[in-house]
2 protein chains.
Amino acid sequence: MKHCHKWGQKLVSNGFRLTVAREVILDILTNTDQHLSAEDIYLTIHPHNPGIGLTTIYRTLELLVQTGIVLKFDFGHGRAKYELSEEYSYKKHHHHVICKKCRRIVDYSDFFEQEQEFIRKAEEELKNKFHFTIENHFIQFYGICPECKPPG
Amino acid sequence: MKHCHKWGQKLVSNGFRLTVAREVILDILTNTDQHLSAEDIYLTIHPHNPGIGLTTIYRTLELLVQTGIVLKFDFGHGRAKYELSEEYSYKKHHHHVICKKCRRIVDYSDFFEQEQEFIRKAEEELKNKFHFTIENHFIQFYGICPECKPPG
DNA sequence: CTCTCTGCAAAATGTTTGCACACTC
DNA sequence: GAGTGTGCAAACATTTTGCAGAGAG
């Protein structure tokens with residue numbers, strides 16, 4: 001067993017078991033650089049682990065979101081997408097650029113200094129003005145990618 | 001008839017008719033400061049216009065999104081929410097702060113200068129780096145509102 | 001008279017739940 | 001054994017679609 005992953009400890013310390021299904025799902029999420037839907041994960045897993053059903057995937061993802069290991073995104077395309085949260089991912093914190101036509105999602109993490117500063121300040125301002133405790137933020141840009149752009 | 005609304009002209013000039021159902025739906029959207037789901041609109045309309053069905057509302061909203069009159073939001077709560085786009089709304093451009101517990105959505109449009117500047121620059125950068133044509137952006141902060149905060 | 005728009009009922013889609021069994025501690 | 005975790009099938013909620021009729025130009 002490879003309890004070496006940070007998320008393994010997190011799960012166990014939260015009183016959950018590190019089952020095969022959960023390991024497999026977390027492995028997929030760890031080794032992809034994409035944003036996967038429950039079904040994406042199911043299809044990836046299924047050839048090697050036909051025993052793991054869609055239900056388990058949904059339940060595991062919900063668990064992982066609750067535990068803060070995974071982030072759930074809604075890009076408005078009818079199905080939720082999941083990715084490891086910054087703390088458990090090799091990827092840096094990033095925002096998303098989404099093509100309205102082909103639905104391609106591009107990560108964008110080359111923030112200029114201003115961006116970090118903006119977020120920090122915005123969260124502070126929201127705290128002062130609305131007394132919200134901000135936990136996270138989603139910044140998404142929608143547009144047309146070069147491939148989908150009409151020629152000319 | 002009150003063809004006076006900006007959206008009336010927009011619809012007609014795009015080759016669509018300004019029907020009663022469409023007018024009613026647009027009136028609701030014009031006169032609310034909330035983010036309405038298809039069902040919200042249906043329930044608001046129904047007492048006065050029992051003839052307008054949910055299907056029509058969905059079809060109208062889709063039409064309005066295509067035409068750019070309405071923006072569709074997905075806050076991850078299972079149903080899409082709609083509001084007039086800046087161009088057709090009395091409201092200023094704004095971002096959203098969402099309570100994770102009670103799902104309350106607060107608009108937030110008191111941008112400090114930095115925010116506008118950040119968006120302008122980000123869009124420019126995305127254009128240069130990924131050759132995306134950016135059409136709009138969604139900035140959402142998630143957290144816990146004061147009412148939902150555990151006391152103490 | 002044509003073409004858009006609409007309601008109804010049915011379908012489709014993504015997600016959740018009930019239940020009985022399997023597995024771990 | 002007690003309690004967690006799971007698959008299957010069924011339930012669910014939201015949204016979409018087929019079709020035939022109503023209404024506008």
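Lettering of chains follows the sequences in order, A, B, ..., and the numbering in each one begins at 1.
Here C:dG14 presents its P atom at 14 Å from OH of A:Tyr42, a figure rounded to the nearest Å. Note: CG (B:Leu54) to P (D:dT15) measures 9 Å, nearest angstrom. Atom CD1 in B:Ile25 sits roughly 12 Å away from atom C1' in C:dC5 (whole-Å rounding). The nearest whole Å value for the distance from the CD1 atom in B:Ile52 to the C1' atom in D:dG23 is 14 Å. In this entry the distance linking CD1 of A:Ile41 with P of C:dG14 reads 15 Å, nearest Å. Distance CG (B:Leu18) to P (C:dT6): 10 Å, rounded to an integer number of Å. Rounded to an integer number of Å, the gap from A:Arg22 CZ to D:dT4 P is 11 Å.
Within residues 57-74 of chain A, the residues approached by DNA chain C to less than 4.0 Å at the level of any non-hydrogen atom are A:Tyr58, A:Arg59, in residue-number order.
The existence of a salt bridge linking B:Asp33 and B:Lys91 is excluded, since no basic side-chain nitrogen approaches an acidic carboxylate oxygen closer than 4.0 Å. Contact check on A:Arg120 versus A:Glu117 returns a salt bridge, with a Lys/Arg side-chain nitrogen under 4.0 Å from an Asp/Glu carboxylate oxygen.
Remark: the A:Thr30 side chain and the A:Trp7 side chain contain an N/O donor-acceptor pair separated by less than 3.5 Å. A donor-acceptor contact closer than 3.5 angstrom is absent between the side chains of B:His96 and B:Gln140. Between the side chains of B:His131 and A:Glu147, no donor-acceptor pair is found at a separation under 3.5 Å. Between the side chains of B:Glu115 and B:His95, at least one donor N or O sits under 3.5 Å from an acceptor N or O.
Within the structure, every side-chain polar atom (N or O) of B:Thr19 is placed at least 4.0 Å from both OP1 and OP2 of C:dT4. In this model, the phosphate group of D:dG3 is not approached by any side-chain N or O of A:Arg17 to a distance below 4.0 Å at OP1 or OP2.
Between B:Pro50 and B:Phe16, the residue whose closest nucleotide on DNA chain C is further toward the 5' end is B:Phe16.
Geometrically, B:Lys6 engages B:Tyr88 in a cation-pi contact defined by less than 6.0 Å to the ring centre and at most 45° from the axis.
Candidate nucleotides D:dG5, C:dT15, D:dT6 were compared by shortest atom distance to the side chain of A:Ala21, and D:dT6 ranks first.
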